Structures are given as structure tokens and as C-alpha cells.
Amino acid sequence: MQNTPIAFITGATSGFGQAAARYFADKGWALVLSGRREDRLKALSDELSARVPVHTATLDVRDADAVIDMVSNLPEGFKAIKALVNNAGLALAPQPSQDVDLTDWHTMIDTNIKGLVNVTHALLPTLIATGQGASIINIGSIAGQWPYRGSHVYGASKAFVKQFSYNLRCDLQGTGVRVTDLAPGIAETEFTLVRTKGDQAASDALYEGTIPLSADDIAEQIYYIATLPDHMNINRLEVMPVRQSWNGFHIDRD
Ligand code: NDP
Ligand code: 8X3
């Protein structure tokens, strides 16, 4: 246990976070896993804890006090975090800005921006203490770089993730802690089900007839970033499926 590296993964109840938990467990890492759905955390812990040490905590990343409490009370053996995977996040409201409820914008800001900041702030002292070889892997998105209709606050929140990652790197210069903005394109998870508020047909239609990224594809990239030689930092890694590329500009005509 002494030399077992520990990964702290938010949003481990589904999609990328869950796949990353499995991937890191396969490689022998100890895990601190969080998310709001307790039953899923328990199931994942039951699955993985026979192989590696696992600590789970039901956590809403929007609750700054709860984040501080959880991080301050990590049990012995789970304190020396080596990789923070800031993955918890969501998109809501695929319709244009003018048709979106303000509460949906607030939820994305509170989760994707404030939640990520809450967790990062709580774990920075730990990561700096780990020093050389520690990583913060922030899950951004292609939406943080490329505009498209219906992306509004979601894409803007991921642009925050990108710039925050770069700025953190400046402040962490000399500590050995790496920071990466991992920016995936379309990937089949529960993401679109959440974005459409439970419209399974819309989710199925989005992924139908193409080959999106899988959660396992992204888990592999997360692990790759976390295990690079200590002197290397990938600043931003944008990954799309081959069958996704950019759209053209829209021109309004008479
Ligand atoms: P999923 O919906 O499958 O997983 C999202 C995870 O985030 C869940 O585990 C969920 O857990 C957690 N989460 C959401 N809100 C909160 C919260 N307030 N507090 C704690 N945990 C929360 O989607 P993905 O795996 O696809 O998404 C993971 C990340 O990847 C997100 O940041 C997303 O924006 C990003 N992304 C996704 C892409 C895609 O196409 N799928 C592409 C690019 C980026 P619970 O509900 O149990 O709290
Ligand atoms: C979401 C990626 O391709 O749906 O982060 O815009 S995409």
C-alpha cells in the first residue's frame, strides 16, 4: 500500500469516470471515487475492491463545504493523491440560448466550473505535497474550443476548464505537478441522456450509424496522461472519433 499510487476520480458513477476507475484498478492504482449516486458507487467499489484499495464518498461537487469535508477526512492510506481526475460534469439544454432555462445555465456553471474549482482547491496542497509525477487531469471538451449551436454555456464552461488548466500550470511551476485539459469529442456515455433530460431515443439517435469514442477510449487517455514520465506535461489533448470533424460557418441569406 505504501507505494501504491492513488487516483481521485470525480463522477465515477458513469461514463468516463467509471471506465477510468476500472482502468486504473487494472493497473493496480488505489482509488478514491465520488459521485452523487451512492448505489452505483457501492456497486463499483464491490467490483474493484477485491483487487485494489477503494474509498468511495457520495459527493456533489457543487457543495464546496462537502468537498472540503470529504478531502479533509480521507482515511489513512488514501491521502497521498497522485492523480486528480476532475471528470464530474454535464451538459444541459441542447436547444439555442434563447430557449434555455436560466437554471440549466446555472447548473452547468455550478458543476463544470465551480465544482471543478472546489475539488481542485481542496486537493492542491495534497498534490503539491506529492510533487514530482502528480497530475491534475481536467476533462474539458472540444466544445471548449469550437463553437456550435446549442453549446452556449456548456462550451463556455469547458473553455474555462481549458484556460484554468493553463493558468494552473503557471502557478504550479516548480512543484512538479502536471496539469492537462483532456478535451474529448463525441463519446457514447450517459452524457446525451443527461443533456436531453432522459430522452433515450434522442441519445440513441445521436450515436446511431457512426462510431463515437467510448468511455474506455477516454479512460486509456487519462491513464496515459497520468503515467507519462515525470518531466512531461501534455497541456491539452483533444481527441475526436475519426468520423467527427468540424462544421462550416452558417450564413444567413435573404
Ligand atoms: P456521464 O453522464 O456518463 O457521467 C457524468 C458523471 O458526472 C457521472 O458520474 C455523474 O455522477 C457526475 N456528476 C454530474 N454532476 C455531478 C455533481 N454535481 N457532483 C458530482 N458528480 C456529478 O457523462 P460522461 O462520462 O460523458 O462525462 C464526463 C465528463 O466528460 C463531463 O465533464 C463531460 O462534460 C465531459 N465530456 C463528455 C463528452 C461526451 O461526449 N460524452 C465529450 C467531452 C467531454 P452522479 O450523477 O452520480 O453525480
Ligand atoms: C461534448 C462533446 O461532441 O457532444 O463535450 O460537443 S460534443
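Values below: all heavy atoms of this structure, side chains included; hydrogens, waters and symmetry mates excluded. Counting convention: from 1, in listed order, for ligands and their atoms alike. Since the model is a prediction, treat every value here as computed from it, not as a measurement.
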When you compare the side chains of [X] and [Y], does any donor N or O come within less than 3.5 Å of an acceptor on the partner?
| X | Y | value |
| --- | --- | --- |
| D181 | S165 | no |
| Q200 | D204 | yes |
| N167 | D171 | no |
| R169 | N235 | yes |
| T10 | N87 | no |
| T107 | D110 | no |

Counting both backbone and side chain atoms, is some N or O of [X] under 3.5 Å from an N or O of ligand 1?
| X | result |
| --- | --- |
| G17 | no |
| N87 | yes |
| G35 | no |
| R37 | yes |
| P184 | no |
| A187 | yes |

Residue, atom name and distance, where the atom is the protein heavy atom closest to [atom]:
| atom | value |
| --- | --- |
| atom 12 (C) of ligand 1 | G11 CA, 3.6 Å |
| atom 3 (O) of ligand 1 | S14 OG, 2.5 Å |
| atom 33 (C) of ligand 1 | Y154 OH, 3.7 Å |
| atom 6 (O) of ligand 2 | Y148 OH, 2.7 Å |
| atom 42 (C) of ligand 1 | G185 O, 3.2 Å |
| atom 19 (N) of ligand 1 | V61 N, 3.0 Å |
| atom 2 (C) of ligand 2 | S141 OG, 3.6 Å |
| atom 27 (O) of ligand 1 | F16 CD1, 4.2 Å |
| atom 18 (N) of ligand 1 | D60 OD1, 2.9 Å |
| atom 4 (O) of ligand 2 | R195 NH1, 3.7 Å |
| atom 48 (O) of ligand 1 | R36 NE, 2.6 Å |

Report task. Test Q18 against L44 for side-chain contact (heavy atoms from CB on, under 4.5 Å), laying out the working first. Result -> CA-CA 8 Å; Q18 188 180 65; L44 191 58; 4.0 Å; yes
Query raised in the report: T13 and G35: which non-hydrogen atoms are nearest, and at how many Å?
Result: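 Looking at all heavy atoms of both residues, the closest pair is CG2-CA, 4.1 Å.
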Query - Where V71 and A122 come nearest, the two heavy atoms and their spacing - result: CG1-O, 3.6 Å
Which one of [options] has a non-hydrogen atom at the shortest distance from [atom]?
| atom | options | value |
| --- | --- | --- |
| atom 5 (C) of ligand 1 | A66, G89, A183, G15 | G89 |
| atom 23 (O) of ligand 1 | L33, T189, L213, L193 | T189 |
| atom 9 (O) of ligand 1 | T13, L182, L206 | T13 |

Query raised in the report: Where does R40 meet ligand 1, judged by heavy-atom distances below 4.0 Å: at the side chain, the backbone, both, or neither?
Result: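 Within the 4.0 Å criterion, R40 makes no contact with ligand 1.
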Query raised in the report: What part of T111, side chain from CB on, backbone N/CA/C/O, both or neither, has a heavy atom under 4.0 Å from ligand 1?
Result: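 Side chain only.
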Is the shortest heavy-atom distance from the side chain of [X] to the side chain of [Y] under 4.5 Å?
| X | Y | result |
| --- | --- | --- |
| Y154 | Y148 | yes |
| T111 | L90 | yes |
| L124 | I136 | yes |
| Y23 | D216 | no |

Enumerate the atoms of ligand 2 whose separation from the nearest heavy atom of [X] is less than 4.0 angstrom.
| X | answer |
| --- | --- |
| Y154 | 1 (C), 5 (O) |
| G185 | 3 (O) |
| F191 | 1 (C), 5 (O) |
| I186 | 3 (O) |

Report task. May I ask whether Q18 places a heavy atom under 4.0 Å from ligand 1? Result -> no
Report task. Could you tell me if any non-hydrogen atom of P212 lies under 4.0 Å from any atom of ligand 1? Result ->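 Contact absent.
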Should [X] and [Y] count as an ion pair when the cut-off is N to O under 4.0 Å?
| X | Y | value |
| --- | --- | --- |
| R36 | D63 | no |
| E47 | R40 | no |
| R62 | D60 | yes |

Query raised in the report: For D26 and R22, what are the C-alpha separation, side-chain angles and deciding distance, and is it a salt bridge (Lys or Arg N to Asp or Glu O under 4.0 Å)?
Result: CA-CA 6 Å; D26 284 347; R22 292 189 172 120; over 6 Å; no
Please classify the [X] to ligand 2 contact at 4.0 Å (heavy-atom distances, strictly less than): side chain, backbone, both or neither.
| X | result |
| --- | --- |
| I142 | side chain |
| Q244 | side chain |
| M240 | neither |

Query raised in the report: Which one of T130, V52, L74, I81 satisfies the side chain to side chain contact (heavy atoms under 4.5 Å, CB included) criterion with I6?
Result: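 Exactly one option meets the side chain to side chain contact (heavy atoms under 4.5 Å, CB included) with I6, and it is I81.
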